[in-house]
Amino acid sequence: MNVLNFVNAFFSDGAHWHGYDGIPQRLLEHVRYSLLALALAAAIGLPVGLLTGHTGRGGNALAFIATAARALPSFGLLVLIVILMGFGLLPVMIPLVVLAVPPILVTTYEAVRSVDPSPVDAARGMGMRESRILFQVELPVALPLILSGLRSAAVQIVSTATIAAYVSLGGLGRYIVDGLYQRDYEKVVGGATLVAVLALVTLAVFWAAGRLAVSPGVRRR
């Protein structure tokens, strides 16, 4: 059987659409893991990136941290954390957050630093506070690039959240891990297809968010 036949057989099997191991349940679990990891990564990366981008300090340190974090293998980090902490959701979240923070952090920093200094200087000349300059002058212009960093992080999380299945959690990775163990390649291909489709849906969601959140004047730049 070729890949298309595997995909067709997987999705046409009614048993894959019901129960605790059904596609809706596994998809919901995968989305839940991904949203939680993205929220945690954004809570870390956005404030630090905005602050350092606004002040212009710490750029070299951010680049070093981002490079070091990207070099860490997610699966290897997961195994190490499970050895130290045991099974559970937290050991899965840590490598996903470590994976997602660098693109958010670096892109946010670069987005704020790339804002034209003329309106920033004009705002300071008018006596605006630094916090107002950041959120009312720099952030609206930097938003498209910031969203691209969030989009990149989200796609990486969706693609990597399959590792949750290796520590007995759910998600779409359950099909891949169980399929490999059972030598059920129909399940493996079906799970991989679902992950790929979810990644494409994530891209579409961020494209729509950019259309809604970014002002037309900034989008045309």
Side-chain angles (χ1 to χ4, degrees), residues 31 33-74 77 93-161 195-221:
V31 170
Y33 300 152
S34 300
L35 288 177
L36 178 58
L38 182 62
L40 292 173
I44 297 170
L46 287 178
V48 176
L50 289 171
L51 180 61
T52 54
H54 176 70
T55 60
R57 300 170 184 170
N60 291 333
L62 289 184
F64 174 78
I65 293 171
T67 302
R70 285 170 174 165
L72 292 174
S74 298
L77 184 59
M93 287 296 108
I94 292 175
L96 292 180
V97 171
V98 169
L99 175 71
V101 165
I104 297 175
L105 186 61
V106 173
T107 307
T108 301
Y109 172 82
E110 293 295 339
V112 177
R113 294 305 298 163
S114 64
V115 174
D116 187 348
S118 299
V120 176
D121 293 339
R124 287 199 176 100
M126 294 169 59
M128 290 183 68
R129 295 192 302 271
E130 291 299 316
S131 59
R132 292 186 62 192
I133 293 174
L134 173 59
F135 290 105
Q136 297 182 12
V137 178
E138 294 175 319
L139 183 57
V141 179
L143 189 57
L145 195 53
I146 292 174
L147 285 175
S148 74
L150 288 169
R151 180 187 64 216
S152 176
V155 171
Q156 290 182 49
I157 289 173
V158 166
S159 302
T160 311
V195 174
V197 170
L198 185 57
L200 292 175
V201 170
T202 302
L203 289 174
V205 168
F206 274 92
W207 176 85
R211 299 289 296 180
L212 293 173
V214 179
S215 66
V218 174
R219 284 202 306 265
R220 285 195 292 267
R221 293 189 174 196

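Predicted model, so just to flag it, every value in this text is computed and none were measured.
- In this view, Arg129 satisfies the side chain to side chain donor-acceptor pair (under 3.5 Å) rule with no residue, not counting sequence neighbours.
- Listed for the Arg113 side chain is a donor-acceptor partner under 3.5 Å among the backbone atoms of Gly53.
- Contact of the Val141 side chain with the Asp116 side chain is not registered, since no non-hydrogen atoms from C-beta on lie closer than 4.5 Å.
- Between the OG atom of Ser159 and the CG atom of Leu96 there is a distance of 11.0 Å, given to the nearest 0.5 Å.
- Across all non-hydrogen atoms, the minimal contact from Ala100 to Ala153 is O-CB, 3.6 Å.
- Taking every heavy atom of both residues into account, Leu147 and Gly210 meet most closely at CD1-CA, 3.7 Å.
- Considering every non-hydrogen atom in both Ala154 and Leu38, the closest pair reads CB-CD2, 3.9 Å.
- In terms of the side-chain contact (heavy atoms from CB on, under 4.5 Å) criterion, residue partners of Thr52 (sequence neighbours excluded) are, by chain and number, Val48, Leu62, Tyr109.
- In this structure, the side chain of Thr107 does not engage the main chain of Ile104 through any donor-acceptor pair within 3.5 Å.
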Checking side-chain contact (heavy atoms from CB on, under 4.5 Å) for the pair Arg151/Thr202: CA distance, chi angles, key distance, verdict? CA-CA 8 Å; Arg151 180 187 64 216; Thr202 302; 5.7 Å; no
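- Considering all non-hydrogen atoms of both residues, Ser34 and Ile157 come closest at CA-CG2, 3.6 Å.
- For the atom pair CZ of Arg124 and CD1 of Ile133, the computed distance is 4.5 Å after rounding to the nearest 0.5 Å.
- Interatomic distance, Thr108 OG1 to His54 NE2, rounded to the nearest 0.5 Å: 15.0 Å.
- Counting heavy-atom neighbours within 6.0 Å of Arg57 CZ, excluding the residue itself, gives a total of 12 or less.
- Contacts of Ser152 classified as side chain to side chain donor-acceptor pair (under 3.5 Å), with partners at least two apart in sequence or in another chain: Gln156.
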So Leu139 and Ile146, side-chain contact (heavy atoms from CB on, under 4.5 Å) or not? Walk me through it. CA-CA 9 Å; Leu139 183 57; Ile146 292 174; 3.6 Å; yes
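- In this structure, Val115 and Glu138 approach most closely via the heavy-atom pair CG2-O, 3.7 Å.
- When all heavy atoms are compared, the tightest approach of Val97 to Ile44 is CG1-CD1, 4.0 Å.
- Note: Leu35 CG to Leu40 CG = 11.0 Å, rounded to the nearest 0.5 Å.
- Note that CG of Leu46 and CG of Leu51 are 12.5 Å apart. Values are rounded to the nearest 0.5 Å.
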